[in-house]
Amino acid sequence: MHGKVLVIDPIATNRIVLRVKLAASHYNMIQAGSIADAMQVLAQSVPDLILCAATMPDGDPLRLLGRIRKMGLAGKVPIIALSCGESDSERLRLLAGGIDDVLQKPINDALLLARTRSIIRAYATASEWTLREGTSRALGFGEAATAFSPEQTVRIIADDGAAAEPWITALSDRLSARIVFAKPSAAVADVEPGRTPDAFVLVVGPDEGPEMLQLLATVRSQANTRHCAILTVLDADYTTLGAQMLDMGANDLMRSTRSSEELALRLEALLSRKMVTDSLRDTVRSGIEAAVIDPLTGLHNRRYAMPHLSRISERATRTGKPYAVMVADMDHFKRINDTLGHAAGDAVLIETGRRLRENLRAVDLVARIGGEEFLIVLPGVGLGNARKAAKRLCQIIQGTPFEVPEQATPVNATISIGMTVVDPVNGTHSTKSQTPEALLDRADKALYGAKAKGRNCVTLSRPAA
């Protein structure tokens, strides 16, 4: 499944229509007829997105948001309100109150799906950085957030400067950020080092879709602008183009007929979210590498791996998603050191770390936790895929001999892997048995089994019946 979506609407037909539309795109759909029903659902499982009718028997989306905040889920679950009316004041009230977006019925299917994908992606990214920042704080490297923040910059992009001028004037009066203008051809080209805009507003005029799509792709692909917030302003008739822009990386969109106040509200939300994400990213990156990176292989070390594994376990408990923990150990590594020297052994370890890292996903954890021992954690991976991944890693190590210093002949090496898989939904392990130490112990015991079976293989640690 791509994600879990909670639909709240008092009219059963509306819920069924949304369920059919989103389930066809492989979303796991949950339904509720009121805020009270929704709170019971939230107490059992936290969704990735809430689609909420603007009017319900026991309140509105803002009341739902208030209840969610009391549960401690503020900022963790996005809410899109679905409104039947075109009232600007009602839409602005919901946006100002903290609702992530307001979509007017009837909703274009392509736009609904694109907005769903976009907002779930944005919150998942923020959640990942929060997880990593939490790991850094557990290690003692997190610093208290400072009240000072540099002036933010918003760059309005339009072919027609006259068309952009009203937006610039209105935003300058409403936002503390610096508002500047640029044509599409200069939107990225003239960005000075260290002066990257915090947000781009793409004002899309008639027949400018292809040009703006190309610009959007450029902004998202360049290292200095890929984290910028992007809001597109386009005509109501361009729903297909809007869906394309959301799927290509735009964070938000609105109609050009809407008020400058709405544009300001949407930009404030994007700028605030970007400031938080930038802060989390800086906390993770600054000052911790020397303490948590193994100097030989460049992988994370045990000091980083254990608290990060703890957070992966905590997240799995909340989301109900499985994860796999592996311990990989080089076979007969002492023989390499004794016969060829420690320089050769180091070269084998460095290359092993590189092969493991390059053949796993970016979200997977690979750490060197001992002399020739590596910890591998695969979030969101069940038993079948974990077993395939482990066997593939064994084949990758065995398949290509290792080049070592001062040796004309490459060295053959293999690894053994012990593995354990935790599936919170099936309740295969107790909470106590999901501590990093217990998980590592189970994987270690499985590793002993792999060594006993002749090495260069994978053994699974199974829970007791």
Spell out, as yes or no, whether a donor-acceptor pair under 3.5 Å connects the side chain of [X] to the backbone of [Y].
X: R19; Y: Q31; value: no
X: D294; Y: N301; value: no
X: S127; Y: Y123; value: no
X: S279; Y: M275; value: no
X: R387; Y: M419; value: no
X: R311; Y: P307; value: yes
X: D198; Y: L271; value: no
X: S272; Y: E268; value: no
X: R220; Y: C228; value: yes
X: R361; Y: L365; value: no

Where [X] and [Y] come nearest, the two heavy atoms and their spacing:
X: P184; Y: A158; value: CD-O, 3.6 Å
X: P10; Y: M56; value: CD-CG, 4.0 Å
X: L171; Y: L267; value: CD1-CD1, 3.6 Å
X: L49; Y: P78; value: CD1-O, 3.6 Å
X: P61; Y: A81; value: CG-CB, 3.9 Å

**Request:** Begin from the C-alpha positions of M245 and L253 and carry the test side chain to side chain contact (heavy atoms under 4.5 Å, CB included) through to its verdict.
**Result:** CA-CA 9 Å; M245 301 193 86; L253 59 82; 5.7 Å; no
Please check if the number of heavy atoms outside [X] that lie under 6.0 Å from its [atom1] is greater than 12.
X: D207; atom1: CG; answer: no
X: K105; atom1: NZ; answer: yes
X: E165; atom1: CD; answer: yes
X: K183; atom1: NZ; answer: yes

**Request:** Kindly determine whether V46 and T319 satisfy side chain to side chain contact (heavy atoms under 4.5 Å, CB included), including the steps that lead there.
**Result:** CA-CA 7 Å; V46 179; T319 62; over 6 Å; no
**Asked** Under 3.5 Å, is there a donor-acceptor pair between the Q222 and T218 side chains?
**Response** no
**Message:** Can a side-chain donor-acceptor contact be found between D235 and S256 if the only test is distance below 3.5 angstrom?
**Reply:** yes
**Qualifying residue for side-chain contact (heavy atoms from CB on, under 4.5 Å) with Y323, from L378, L439, V381** = L439
**Request:** Only one of I50, V41, L42, V5 passes side-chain contact (heavy atoms from CB on, under 4.5 Å) with I30; say which it is.
**Result:** V41
**Prompt:** Under a 4.0 Å N-O cut-off, is there an ion pair linking R63 with D60?
**Reply:** no
Test item: [X] and [Y] side chains (from C-beta on) under 4.5 Å apart, heavy atoms:
X: L92; Y: S259; result: yes
X: L51; Y: L22; result: yes
X: I79; Y: I68; result: yes
X: S118; Y: D247; result: no

**Request:** Take R117 and L113, measure what side chain to side chain contact (heavy atoms under 4.5 Å, CB included) needs, and give me the verdict at the end.
**Result:** CA-CA 6 Å; R117 290 189 290 264; L113 291 170; 3.7 Å; yes
**Request:** Could you please spell out the steps behind the side chain to side chain contact (heavy atoms under 4.5 Å, CB included) verdict for E314 and S310?
**Result:** CA-CA 6 Å; E314 291 169 3; S310 179; 3.6 Å; yes
**Request:** Give the intermediate values and the outcome of salt bridge (Lys or Arg N to Asp or Glu O under 4.0 Å) for residues R273 and D252.
**Result:** CA-CA 12 Å; R273 189 178 303 157; D252 199 0; over 6 Å; no
